[in-house]
Number of protein chains: 2
Amino acid sequence: MGHGVQGRDRPAARLDADAATHVATTLQALATPSRLLILTELRNGPRPVTELADAVGMEQSAVSHQLRLLRNLGLVTGTRTGRNIVYNLYDNHVAQLLDEAIYHSEHLRLGLTDRPDTAG
Amino acid sequence: MGHGVQGRDRPAARLDADAATHVATTLQALATPSRLLILTELRNGPRPVTELADAVGMEQSAVSHQLRLLRNLGLVTGTRTGRNIVYNLYDNHVAQLLDEAIYHSEHLRLGLTDRPDTAG
DNA sequence: GGAATAAATGAAGAGGTCTTCATGCGTTCC
DNA sequence: GGAACGCATGAAGACCTCTTCATTTATTCC
């Protein structure tokens with residue numbers, strides 16, 4: 001029941017306007033260099049804010065603002081541990097979405113064509 | 001050599017600032033309802049502009065603007081066929097990125113937790 | 001309690017995005 | 001050649017986003 005040459009075995013996408021809005025919002029959470037850096041840092045494990053800020057080279061305030069956005073969208077969680085608030089990716093869907101996004105983006109960058117159906 | 005519980009077998013993401021900018025740009029191309037609708041329509045096959053506009057309920061001009069952006073980023077191609085210019089997804093990476101993005105976003109929406117490592 | 005550390009927050013401003021409107025360019029058909 | 005069709009394009013405006021600065025809240029240690 002696979003698509004064979006199409007590659008992986010995800011169902012083909014079907015979107016109504018509402019779903020599109022939601023997906024767009026989620027993707028927009030990944031669509032900024034600062035947040036991508038934050039998320040990939042979290043991909044390596046839980047991190048307190050200051051450590052995140054240090055790792056990605058941003059000010060603490062800026063990181064907090066972005067973390068709030070990611071929290072509100074349910075992509076990360078923050079739990080207090082002493083003075084620190086340790087952030088973490090919410091679940092595997094976030095981690096995988098991140099990995100796939102980077103994987104495919106980098107392949108698009110390289111111009112590795114893998115055309116589906118030239119229809120010409 | 002798999003990650004086992006981590007799910008699929010993509011390598012864990014590693015990004016420097018430059019790569020992050022590129023990935024962010026690519027993701028931003030997907031991070032809008034209008035473009036998601038356009039791309040998912042193209043997921044079903046090649047389409048001329050007017051047909052796209054009709055399918056997604058946008059004005060022709062707006063669709064053309066978005067198609068230019070997608071073209072410039074290498075996500076779609078457009079080839080003239082008579083009076084029409086038929087657009088198509090560039091390759092399988094685009095199709096898969098789209099599918100995965102929708103798949104994971106919708107699962108995040110449903111709140112299907114699949115937590116990796118709660119870390120305390 | 002008071003100082004120090006960690007993080008969140010609000011306001012404000014620079015810059016970007018998306019749509020609409022008006023128009024221009026290329027193609028087909030008669 | 002001229003009209004109609006299909007698409008691209010530029011300008012303009014409303015709106016959103018991201019960062020910085022200043023301040024506030026929560027926690028620990030003495």
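In this text, all values refer to a predicted model and were calculated from it rather than measured experimentally. Reminder, nothing fancy here: chain letters follow the sequence lines and each chain counts from 1.
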Please list, by residue number, the residues of residues 30-41 of chain A whose heavy atoms come closer than 4.0 Å to an atom of DNA chain D; answer none if no residue qualifies.
A:Thr32, A:Ser34, A:Arg35
Holding to salt bridge (Lys or Arg N to Asp or Glu O under 4.0 Å), I want the full list of residues that pass it with A:Glu51, two or more places apart in sequence or in another chain.
A:Arg47
Spacing of A:Leu67 atom CG relative to D:dT19 atom C1', expressed in whole Å:
14 Å
Using whole Å, what does the distance between atom C1' of nucleotide D:dC7 and atom CE of B:Met58 come to?
14 Å
Would you indicate whether the side-chain heavy atoms of A:Leu30 and A:Arg35 approach each other to under 4.5 Å?
no
Does OP1 or OP2 of D:dG6 have a side-chain N or O of B:Arg47 closer than 4.0 Å?
no
Tell me which of A:His65 and B:His65 sits closer to the 5' end of DNA chain D, going by the nucleotide each one is nearest to.
B:His65
Quick one: are A:Pro48 and A:Ile85 in side-chain contact, heavy atoms under 4.5 Å?
no
Can you give me every donor-acceptor pair (side chain of residues 68-76 of chain B, partner residue at least two apart or in another chain, under 3.5 Å) with its distance?
unit_1, atom_1, unit_2, atom_2, d
B:Arg68, NH2, B:His65, ND1, 3.4
B:Arg71, NE, B:Tyr87, OH, 3.1
B:Arg71, NH2, B:Tyr87, OH, 3.4
B:Asn72, ND2, B:Arg68, O, 3.3

Nearest 0.5 Å, please: how far is NE2 in B:His107 from CG in A:Asn92?
12.5 Å
Can you tell me how far the NE2 atom of A:His22 sits from the CD1 atom of B:Ile102, to the nearest 0.5 Å?
12.0 Å
Measure the OG1-CD distance between A:Thr50 and A:Gln60 for me, rounded to the nearest 0.5 Å.
6.0 Å
same_hphob_cluster(B:Leu42, B:Val49) at 4.5 Å side-chain heavy-atom cutoff
yes
Can you tell me how far NE2 of A:His104 sits from CG of B:Leu98, rounded to the nearest 0.5 angstrom?
10.5 Å
Which comes earlier along DNA chain D counting from the 5' end, the contact point of B:Ile85 or that of B:Gln28, where each point is its nearest nucleotide?
B:Ile85
Verify same cluster id: A:Val94, A:Tyr103 (apolar side-chain graph, 4.5 Å)
no
Protein N or O to nucleotides 22-29 of chain D N or O, pairs below 3.5 Å:
none

Round to the nearest Å and state the distance from B:Leu52 atom CG to D:dA8 atom C1'.
15 Å
Which value, rounded to the nearest 0.5 Å, describes the distance between B:Thr40 atom OG1 and B:Asp99 atom CG?
10.0 Å
Spell out, yes or no, whether B:Ile38 and B:Val86 are grouped together once hydrophobic residues are joined by side-chain heavy atoms under 4.5 Å, including indirect joins.
no
Is A:Thr21 reaching over with its side chain to a backbone N or O of A:Ala17, donor-acceptor style, under 3.5 angstrom?
yes
First and last nucleotide of DNA chain C in contact with chain B, 5' to 3', at under 4.0 Å to a heavy atom: what are they?
C:dC18 to C:dC29
Nearest-angstrom distance from the residue atom CG of B:Asn72 to P of D:dA8:
12 Å
Rounded to 10°, the helix from C:dG1-D:dC30 to C:dC30-D:dG1 deviates from straight, judged by its five-pair end axes, by 30°
